[in-house]
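Written below as structure tokens is the structure these notes are about.
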Amino acid sequence: MLNIILVGPPGSGKGTQAEQMIQKYGFISIALGALLRQQIAENGANKAHIEAYINNGQLVPDDISFQIIRELIQTKPSDASLLFDGFPRTIVQVTFLDNCLVSYHAKIDGVILLDVPNVHLLKRLRQRSTIEARPDDQDDDKIKARMHIYQQETLPMLNYYQHQNKLYRVDGTQAIDEVTKAIENIIDRLKL
Ligand code: ADP
């Protein structure tokens, strides 16, 4: 059992790498952004509310996110390894997740940071907007809002994990396969 957080700015390749990790190690994925988009697609109860935040590149309020995360942790098989992708993104979310896991006698074992400088991100997200048509990729203001939140809210939360010696940094500008290899090296070390 190994619980990992994959963190990185928008466009850093979290989704692509998460897929590889799920295939290779059988992680259960907890990808909050994808789960929120799914709620919109399925006309879920909070659809309009979620849509207003997500499409503008803002963080969805914690009461909505926490309910989704809590339910997933509650219903997971007790021996499952979890891969958190895009959650937590703030110190408040870190505290919530820690408390939630403690009540299931679980903890975060490692946090893998996909490090990609801003110049690359804008280029990648503009490209993705032509392929995936995500509303939050459609204009530079929305992309920049997400990059700003990452700098202001998410980067500070990494100090917390660094102090616990749980933070692993990967150069996310490398080719996809190289990034995958670097992540696998970290996970294999953690599993020993
Ligand atoms: P990206 O990291 O490229 O922005 P995601 O699919 O991970 O893509 O997230 C898309 C959007 O989903 C975010 O901009 C935000 O609106 C919402 N979201 C994702 N994770 C969180 C979170 N931890 N807290 C609040 N909102 C979130």
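Note that the structure is a prediction, hence the values are computed from the model and not measured. Atoms within each ligand, like the ligands themselves, are counted from 1 in listed order.
- Under a 3.5 Å cut-off, the side chain of His120 and the backbone N or O of Val116 do not form any donor-acceptor pair.
- Donor-acceptor pairing under 3.5 Å is lacking for the side chains of Gln39 and Asn46.
- Side-chain N or O atoms of Gln20 include none that pairs as donor or acceptor with a backbone N or O of Gln17 at under 3.5 Å.
- For the atom pair CZ of Arg128 and CG of Asp136, the computed distance is 7.0 Å after rounding to the nearest 0.5 Å.
- With no hydrogens or angles considered, a side-chain donor-acceptor pair links Asp188 and Tyr25 at under 3.5 Å.
- For ligand 1, the protein residues placed under 4.0 Å by at least one non-hydrogen atom are Pro10, Gly11, Lys14, Leu32, Gly33, Leu36, Arg37, Ile54, Gln58, Leu59, Val60, Ser65, Gly86, Phe87, Arg89, Gln93, Arg128, Arg134, Asp136, Arg146.
- Around the CD1 atom of Ile176, the shell of radius 6.0 Å holds no more than 12 heavy atoms that belong to other residues, nucleotides or ligands.
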